[in-house]
Amino acid sequence: MTRHPEPEHRTDPDPEPEPGADPGSNSGAGPGTSSVPRGEITRTNCRRCGHEVYGVDGRYACPLCGWVNHWSAGHTTLPTADDDRPA
């Protein structure tokens, strides 16, 4: 089996917000729409097999060996149950 190197992925800078969008909103959507938080794509090497893995906000899962880091190791606080309730 020949293994080809994977292309390097980079995170794109945040796109310009749409006219009329709330400057503090992460969604980039116009007024009257709900704000959906966006996570940052991050990468590291798997601690078990060394494969380069990508995750969201520092939370990773390796597709080759099944290693996952603990949920508390992420860069951000996870949402609470109250965040899921309708306004």
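- Between R48 and C65 the shortest heavy-atom distance is NH1-O, 3.0 Å.
- Under the salt bridge (Lys or Arg N to Asp or Glu O under 4.0 Å) criterion, D83 pairs with no residue, sequence neighbours left out.
- For T42 against G58, the heavy-atom pair with the smallest separation is OG1-N, 3.0 Å.
- The line from SG of C62 to CG of N69 is 11.5 Å long, rounded to the nearest 0.5 Å.
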Could you walk me through whether L78 and R59 pass side-chain contact (heavy atoms from CB on, under 4.5 Å), step by step?
-> CA-CA 11 Å; L78 291 172; R59 292 178 177 89; 3.4 Å; yes
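- In this structure a side-chain-to-backbone donor-acceptor pair under 3.5 Å is missing from D57 to T76.
- In this structure N45 satisfies the side chain to side chain contact (heavy atoms under 4.5 Å, CB included) test together with E52, sequence neighbours excluded.
- Of all non-hydrogen atoms in V56 and G39, the two that sit nearest each other are CG1-CA, 3.8 Å.
- When hydrophobic residues (I, L, V, M, F, W, Y) are linked wherever their side-chain heavy atoms come within less than 4.5 Å, the members clustered with W67 are V53, Y60.
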